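First the structure, in the form of structure tokens, and then the observations on it.
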Number of protein chains: 2
Amino acid sequence: MEMTERKNKILAAVVERYIQTGEPVGSKNLLDSLGLSVSSATVRNEMADLIDMGYLEQPHTSAGRIPSTAGYRYYVENLMTAYDMSPTEKKLIDIKLHETTGEPHAVLERAGNIIADISKCAAISTTPADSEAVIKRIELVPIGTHTAMVVMLTSFGILKTRVIRTDSEITLDIAETFYNIVKANFIGKPACDITIARIQTLALSLGEKALAMTPLLVVLSDLSKMTEKTELLLEGQTNLLGYKEYETNAFELMEFLRRSEPLNRIFTLEKNETGAPSVLIGKEQLYRELQNSTLIFSRYSIGGRQSGALGVVGPTRIDYARLIPCIRYISDVVGIILSDNAED
Amino acid sequence: MEMTERKNKILAAVVERYIQTGEPVGSKNLLDSLGLSVSSATVRNEMADLIDMGYLEQPHTSAGRIPSTAGYRYYVENLMTAYDMSPTEKKLIDIKLHETTGEPHAVLERAGNIIADISKCAAISTTPADSEAVIKRIELVPIGTHTAMVVMLTSFGILKTRVIRTDSEITLDIAETFYNIVKANFIGKPACDITIARIQTLALSLGEKALAMTPLLVVLSDLSKMTEKTELLLEGQTNLLGYKEYETNAFELMEFLRRSEPLNRIFTLEKNETGAPSVLIGKEQLYRELQNSTLIFSRYSIGGRQSGALGVVGPTRIDYARLIPCIRYISDVVGIILSDNAED
DNA sequence: TTTTAGCACTCAACACTATCGAGTGCTAAC
DNA sequence: GTTAGCACTCGATAGTGTTGAGTGCTAAAA
């Protein structure tokens with residue numbers, strides 16, 4: 001069976017109506033919002049066809065129709081007219097994002113707040129990570145006689161710091177040795193090169209200074225490990241409690257969202273060259289816990305390179321037309337801010 | 001009416017039973033867990049007295065009893081035998097807390113995880129803040145030609161950093177001027193002295209260097225403001241979804257917990273010299289949103305001085321005997337770790 | 001005076017039934 | 001191909017009866 005213009009109209013109307021109300025949509029009910037001068041019986045016939053085609057579902061015989069996963073998919077790809085964000089709206093988002101310090105964590109947290117606010121759903125994001133990061137700079141900032149802060153900057157503009165207390169005093173001599181080692185061994189090299197094994201080898205060649213230096217070098221290995229690891233941020237989880245689709249199983253979804261591995265997996269698995277957000281709808285998804293939800297996300301780019309991701313999770317009847325452009329825009333702005341921040 | 005030994009026993013049994021099951025406790029039901037050889041009728045008579053005295057409540061005529069706020073209060077203060085944490089248990093907590101970097105945020109996050117895990121409720125904590133903090137040290141770490149990190153350390157061992165990008169290059173000369181200004185004006189002074197007004201005055205005296213210096217000084221004012229502001233950490237919120245007392249209004253409570261002002265207000269208002277955790281039960285509380293919950297918290301001390309707080313929020317039938325000692329212990333350990341961290 | 005057995009009473013929870021109404025599929029006429 | 005009409009379906013809602021855990025009260029026993 002082929003999709004006709006009328007079927008398109010009806011499917012779009014059902015999807016939009018259902019997104020609004022969350023109630024199964026009946027034929028009569030639909031007539032109002034439909035610009036067609038046909039009877040409800042005709043609409044019913046068409047809807048029956050749409051069920052055959054797999055785009056609609058019926059919770060039970062005497063109820064209206066709701067869109068199936070395939071129905072949403074068809075809607076998103078063929079029927080939806082993306083909401084056009086007004087300049088004022090964009091400006092507001094710009095301002096809110098620029099209010100932050102520009103550090104990835106802060107920017108993404110703010111982005112999450114904005115997304116949660118607009119979508120009334122949960123926002124997710126991951127901080128940028130780069131397994132191929134190159135170390136640009138390492139600093140040792142003395143804070144006390146036995147305390148110092150180690151700062152590591154990588155090619156991605158990711159800045160990690162760690163305060164360390166040592167048993168032996170941090171003298172000028174120690175600091176100098178530290179800088180020498182760092183310059184000779186780490187600057188300009190991949191962060192993943194700083195392994196414990198490497199440090200042990202280095203320590204051997206340090207003689208009596210090994211005792212004082214090792215803790216400092218171990219911190220470097222920790223920091224480099226941190227640049228490879230992303231952090232998962234969640235905002236507006238509680239918004240989900242308002243939807244009746246999550247009445248019984250909000251807990252399950254929320255627990256799932258807290259686990260970073262599966263989400264990271266989803267983000268990295270999804271190949272998407274277009275720059276448009278990825279949309280994963282209901283049953284399309286790999287993880288059972290997400291199969292009655294939709295995930296809209298976009299990987300943002302720092303310096304032209306995809307790094308972290310940000311997006312929104314909600315019921316399958318999420319407002320696609322509104323949120324897809326919105327996630328795209330926020331992802332772009334976040335990318336710009338973080339790229340700026342990464343530049344020297 | 002006076003409390004007799006038997007009334008005490010019965011009240012304690014009702015409270016403990018209700019904490020376990022969440023179901024109203026009936027007279028017959030109670031006989032098992034009660035070490036008394038009396039009939040259910042006697043127990044009923046006693047329970048009727050306890051209702052008159054305000055310690056028990058009845059959801060409806062033909063149901064069992066549940067403790068009232070006053071009942072819990074009496075239980076906590078007179079009847080409860082605090083759970084004695086085993087050395088192994090303590091050790092485990094020690095280890096988990098020491099695994100962190102020792103920075104307040106990290107330690108408290110971990111503490112929150114532990115509390116959420118033990119209590120199956122939500123953990124709350126606030127990072128240390130000190131309105132009377134004195135500036136101990138300020139550093140300017142060059143990162144690029146136009147980028148630098150400003151580091152501020154205050155008397156509380158609170159370390160705040162901020163990366164800044166400037167229009168004018170950060171030369172050695174600029175850095176030197178910065179250190180001179182800082183040394184002359186800020187080191188050893190209260191953090192709250194660094195106001196925008198003060199900076200404007202300073203800028204006037206800097207002549208042509210004002211343009212380059214002002215942004216750096218403004219960052220200092222931001223950082224000093226940050227040392228005064230605490231941050232609220234929440235862990236294990238989703239645990240609350242498992243309790244039927246929050247079936248309908250989990251959203252309201254969770255939204256309330258996200259707002260830091262009221263919680264900070266509660267923490268600072270509560271005077272408690274004993275060192276034991278504060279326990280705020282149900283209707284005793286100021287905020288309507290907490291009136292069917294209990295809050296157990298303790299202010300931890302850094303360097304002998306009360307700063308932030310940490311604790312747990314759950315239904316009024318929270319496990320007092322277990323959690324009060326637990327919060328106390330964790331608060332002590334957190335205090336020790338953060339004091340260590342604050343020391344130079 | 002305190003305790004207890006006994007009994008009538010209460011009320012949430014549950015199962016069952018009837019009714020309502022939004023929505024359906026089908027058919028025959030347009 | 002469209003539509004009016006009609007019988008049908010089934011969730012939701014309300015009403016009814018039953019059950020059972022639990023109560024308060026009373027009068028007798030301790």
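Proteins get letters first, then strands, A, B, ... in listed order; numbering begins at 1 in each. Note: hydrogens, waters and symmetry copies are ignored here, and every other heavy atom, side chains too, is used. Computed from a predicted model, the values in this text were never measured in an experiment.
In this structure, A/Q58 atom CD and C/dG23 atom C1' are separated by 8 Å, rounded to whole Å. One atom, CD1 of A/I10, and another, C1' of C/dT24, lie 15 Å apart when rounded to the nearest Å. Atom CD of B/E23 is separated from atom P of D/dA21 by 13 Å (rounded to the nearest Å). Atom-to-atom, CG of A/L31 to P of C/dA22 comes out at 15 Å; the value is rounded to the nearest Å.
Atom NZ of residue A/K283 and atom CG of residue A/L290 lie 13.0 Å apart, to the nearest 0.5 angstrom. In this structure, CG in B/N239 is found 12.0 Å from CD1 in B/I115, a value given to the nearest 0.5 Å.
Nucleic acid contact for A/S37: sugar-phosphate only, since backbone atoms but no base atoms lie under 4.0 Å from a heavy atom of the residue. Within 4.0 Å (heavy atoms only), B/N29 reaches sugar-phosphate atoms of the nucleic acid but no base atom.
Taking only side-chain nitrogens and oxygens, A/S40 never comes nearer than 4.0 Å to OP1 or OP2 of C/dG23. Look at A/R65 and you'll find a side-chain N or O under 4.0 angstrom from OP1 or OP2 of C/dT24. Regarding contacts with the backbone of D/dC8, every side-chain N or O of A/S62 stays at 4.0 angstrom or more from both OP1 and OP2. For C/dT4, one of the phosphate oxygens OP1 or OP2 lies less than 4.0 angstrom from a side-chain nitrogen or oxygen of B/T42. Of the side-chain N and O atoms in B/R44, none sit less than 4.0 angstrom from OP1 or OP2 of C/dA5.
The side chain of A/S27 lies closest to C/dT24, out of C/dT4, D/dT3, C/dT24.
For the pair B/A41 and B/H60, both in contact range of DNA chain C, the more 5′-proximal nearest nucleotide belongs to B/A41. Closest-nucleotide positions on DNA chain C for B/E46 and B/T61 were compared, and the one nearer the 5' end corresponds to B/E46.
Ion pairing of A/E23 with A/K244 is present here, as a side-chain N (NZ or NE/NH1/NH2) and a carboxylate O approach within less than 4.0 Å. A salt bridge between B/K9 and B/E46 is absent, with no side-chain N of the basic residue lying under 4.0 Å from a carboxylate O of the acidic one.
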